[in-house]
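Input: a single structure, listed below in structure tokens.
If you're wondering where the values come from, they're calculated on a predicted model, not measured in any experiment. Heavy atoms only: backbone and side chains are in, while hydrogens, waters and symmetry mates are out.
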Amino acid sequence: LCYLPPHNITCCTPLMLSIPGIEPSAHICIYLPTSGKKNEFVIALAALSAVLECLQEEHPQTPVYIRGDANVNPSNLPRVQLMSALLAQFSLKSLPLDHPTHHHFMGGGSSDSQLDVLLYPCNLNKPEKLQQFICGKENSMITSHHDLIVSSFSSAQIPYSPPPQAIVAPRVSNTRVKVQWNAEG
């Protein structure tokens with residue numbers, strides 16, 4: 001898709017969704033470093049910023065959606081400020097989840113937080129929509145210790161021209177003959 005910063009940073013994975021007849025969109029999956037890893041968090045935000053800058057340069061009209069675990073707890077003011085600055089810089093808006101998402105590996109499975117995010121461009125006519133939460137404590141098919149968040153987004157239709165028919169190479173009949181020699185020559 002575009003340039004990713006060096007140093008094997010795996011905090012964000014961008015992908016370009018390009019379906020014929022549908023407006024392209026960029027999607028970035030994030031998992032930012034957890035609490036207590038301040039330096040790694042700042043580096044990860046810088047990497048995400050670099051990806052977003054690249055997308056703005058290479059695909060300026062393409063909407064960008066970011067989803068994942070931002071690890072920005074509302075009570076951690078420095079992280080909130082850094083994330084808010086990033087959202088303002090790239091004109092992104094957070095979809096209100098109106099529900100703390102659960103991380104069932106902490107607090108005996110009852111710890112909840114507001115770490116998961118669904119971010120979308122501020123200028124969209126039809127913003128991303130939250131469809132449902134699916135909790136692993138209520139649905140045994142969810143094997144993750146995180147709740148499943150289902151959302152949807154709309155893309156505009158664009159004109160589509162099918163690719164031209166492939167050129168078929170002409171066939172030339174084979175008029176050659178093969179001489180088969182016997183053992184005596």
- Check the surroundings of atom CD in Q157: do more than 12 heavy atoms from other residues, nucleotides or ligands lie under 6.0 Å from it? no
Hey, are the side chains of T13 and I30 touching, using non-hydrogen atoms and a 4.5 Å cut-off? no
Between P14 and C12 the two heavy atoms that sit nearest each other are CD-O, 3.7 Å
In this structure, CD of E40 is separated from CG of N71 (nearest 0.5 Å) by 12.0 Å
When every non-hydrogen atom of L32 is compared with those of M83, the smallest separation belongs to CD1-CE, 3.7 Å
- Any Q89 side-chain heavy atom under 4.5 Å of E53 side chain: yes
Between the OG atom in S151 and the CG atom in L130, the distance rounded to the nearest 0.5 Å is 7.0 Å
Discussion item. Do K93 and L87 make a side-chain contact, defined as non-hydrogen atoms from C-beta onward lying under 4.5 Å apart?
Written reply: no
Is the shortest heavy-atom distance from the side chain of V64 to the side chain of L119 under 4.5 Å? no
Determine whether L52 and I28 make a side-chain contact, defined as any pair of heavy atoms from C-beta on separated by less than 4.5 Å. yes
With S152 as partner, the option from Q131, E128, K129 fulfilling side-chain hydrogen bond (donor to acceptor under 3.5 Å, both in side chains) is Q131
CG of L82 to OG of S49, rounded to nearest 0.5 Å, is 11.0 Å
Between the SG atom in C29 and the CG atom in D69, the distance rounded to the nearest 0.5 Å is 9.5 Å
**Message:** With a 4.5 Å cut-off on side-chain heavy atoms, are M16 and T62 touching?
**Reply:** yes
Check your understanding: Are the side chain of S84 and the backbone N or O of V80 linked by a donor-acceptor pair below 3.5 Å?
Key -> yes
Evaluate side-chain contact (heavy atoms from CB on, under 4.5 Å) for F133 paired with D116, printing each intermediate quantity in order. CA-CA 12 Å; F133 282 98; D116 297 315; over 6 Å; no
*Is any side-chain heavy atom of I149 less than 4.5 Å from a side-chain heavy atom of I134?*
no
Closest non-hydrogen contact found for P33 with R79 is O-NH1, 2.7 Å
What is the ring orientation for H27 with Y65, classed by angle as parallel under 30°, tilted 30 to 60°, or perpendicular over 60°? parallel
Taken in chain and number order and not counting sequence neighbours, the residues that satisfy ring-ring contact (aromatic ring centres under 6.0 Å, His included) with Y120 are none
- Item | Check: F41 and V72 side chains under 4.5 Å, non-hydrogen atoms | yes
Hey, quick one: are Y31 and L45 part of the same hydrophobic cluster, counting side-chain heavy atoms closer than 4.5 Å, chains of contacts allowed?
no
Determine all donor-acceptor pairs shorter than 3.5 Å in which one atom belongs to a side chain in residues 158-175; sequence neighbours excluded.
unit_1	atom_1	unit_2	atom_2	d
N174	OD1	R176	N	3.0
N174	OD1	R176	NE	3.1

List the steps and the verdict of side-chain contact (heavy atoms from CB on, under 4.5 Å) for I66 and L48. CA-CA 10 Å; I66 301 174; L48 178 57; 4.3 Å; yes
Rounded to the nearest 0.5 angstrom, the CD1-OG distance for I22 and S155 is 6.5 Å
